[in-house]
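Have a look at the structure below before the remarks.
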Amino acid sequence: YHTANANFEKAFESILKDNPLPNMTGNVCDHLCQSKCTRINYDNPLLIRGIKRFISEKFDGAAVKHKKNKNSLKAAVIGAGPSGLSCAYFLALQGFEVNVYESKSFAGGMVSGSIPYFRLNDKSVEADINIIKSAGVQFHYNQKVDEKLFSDLQKTNDYLYIGIGAQKSKRLNIPGEELYGVTDQLTFLSKIRQNENVILGNRVAVIGGGLSAIDAARTAKRLIGNNGKVIMLYRRTKAEMPAGLDEITALLDEGVELLELGAPVSIHSNRNSKLSIECIKMQLKGPDESG
């Protein structure tokens with residue numbers, strides 16, 4: 001309503017009531033709520049991600065208001081990813097003194113550390129961090145919380161919140177996974193985001209069909225250009241891919257080849273250190289016990 005009436009600051013305040021990360025969510029949220037939007041009962045769903053992105057870009061500034069008076073309570077948040085940032089923000093609004101401890105040199109967690117720059121730039125991340133700071137939250141970077149510091153935080157705070165995230169990738173558990181040239185998607189994306197030099201060659205295979213796999217494939221395609229080939233290998237079909245339709249469409253539009261119904265069973269390396277993947281052909285047979 002506020003957006004439609006060009007009252008962008010009011011719209012921004014409305015978003016911040018339950019979402020302190022409008023720039024991040026406005027750019028990379030997979031907006032699953034859109035298919036369940038109650039607006040469908042009238043006509044069409046609200047394009048919620050697009051609205052948040054529009055407002056965040058229109059109203060570029062922190063609009064943190066309605067902070068309560070200090071309540072004399074202290075809270076320590078371990079981890080500056082989206083979960084820790086959200087917790088810190090709402091505690092600060094309730095009057096808590098909040099300190100965030102992050103092992104890396106930056107905030108944002110996997111969002112700012114692994115999501116490709118073409119989907120989320122540093123300015124957008126920084127804008128959201130500034131919102132958290134404007135609520136009164138203090139950040140401590142390069143601060144790994146070991147056993148001693150954890151004990152100290154317990155003694156000096158009324159509450160602790162642990163938001164260290166899921167930082168490890170799933171393994172395939174197939175032969176050859178440890179070979180040179182094989183890497184997980186989070187390590188790969190993190191190196192690219194931190195401007196590390198990564199040499200890929202001209203042919204890259206990405207195993208999986210989730211959003212991080214698509215991010216890896218789209219990133220690889222940008223690195224090797226039109227002279228190389230990126231193939232995404234997925235054990236089911238495009239219809240079952242857990243990534244959103246818009247991400248899948250972007251993947252194919254950018255020239256990534258999708259190989260469906262292929263499940264890897266082993267990875268091999270020849271004398272020239274070139275890799276090959278042995279796969280079995282899958283067939284859809286309906287849902288299993290997990291759904």
Residues in salt bridge (charged side-chain N to carboxylate O under 4.0 Å, His left out) contact with [X], at least two apart in sequence or another chain:
X    : result
D152 : K148
K10  : none
K68  : none
E177 : R171

Which residues satisfy the side chain to side chain contact (heavy atoms under 4.5 Å, CB included) test with [X], sequence neighbours excluded?
X    : value
D184 : S169, L186, T187
L259 : I231, L233
D18  : none
L32  : D30

Per-pair distances, 0.1 Å, donor-acceptor, side chain in residues 201-218, under 3.5 Å, sequence neighbours excluded:
{"residue": "S212", "atom": "OG", "partner": "Q185", "partner atom": "NE2", "Å": "2.9"}
{"residue": "D215", "atom": "OD1", "partner": "R119", "partner atom": "NH1", "Å": "3.0"}
{"residue": "D215", "atom": "OD2", "partner": "R119", "partner atom": "NH1", "Å": "2.9"}
{"residue": "R218", "atom": "NE", "partner": "E254", "partner atom": "OE1", "Å": "3.0"}
{"residue": "R218", "atom": "NE", "partner": "E254", "partner atom": "OE2", "Å": "3.2"}
{"residue": "R218", "atom": "NH2", "partner": "E254", "partner atom": "OE2", "Å": "2.7"}

Legend entry - Pairing residues for D122 by the side-chain hydrogen bond (donor to acceptor under 3.5 Å, both in side chains) criterion, not counting sequence neighbours: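 Counting only residues at least two positions away or on another chain, D122 forms a side-chain hydrogen bond (donor to acceptor under 3.5 Å, both in side chains) with R193.
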
Inset, instruction - Using side-chain hydrogen bond (donor to acceptor under 3.5 Å, both in side chains) as the criterion, list what pairs up with S83, not counting sequence neighbours. - result: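 Partners of S83 by the side-chain hydrogen bond (donor to acceptor under 3.5 Å, both in side chains) criterion, ordered by chain and then number, come out as Y161.
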
Legend entry - Under the ring pair (Phe, Tyr, Trp, His ring centres under 6.0 Å) test, residues paired with Y101 that sit two or more places apart: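 With sequence neighbours excluded, Y101 shows a ring pair (Phe, Tyr, Trp, His ring centres under 6.0 Å) to H140, given in chain and number order.
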
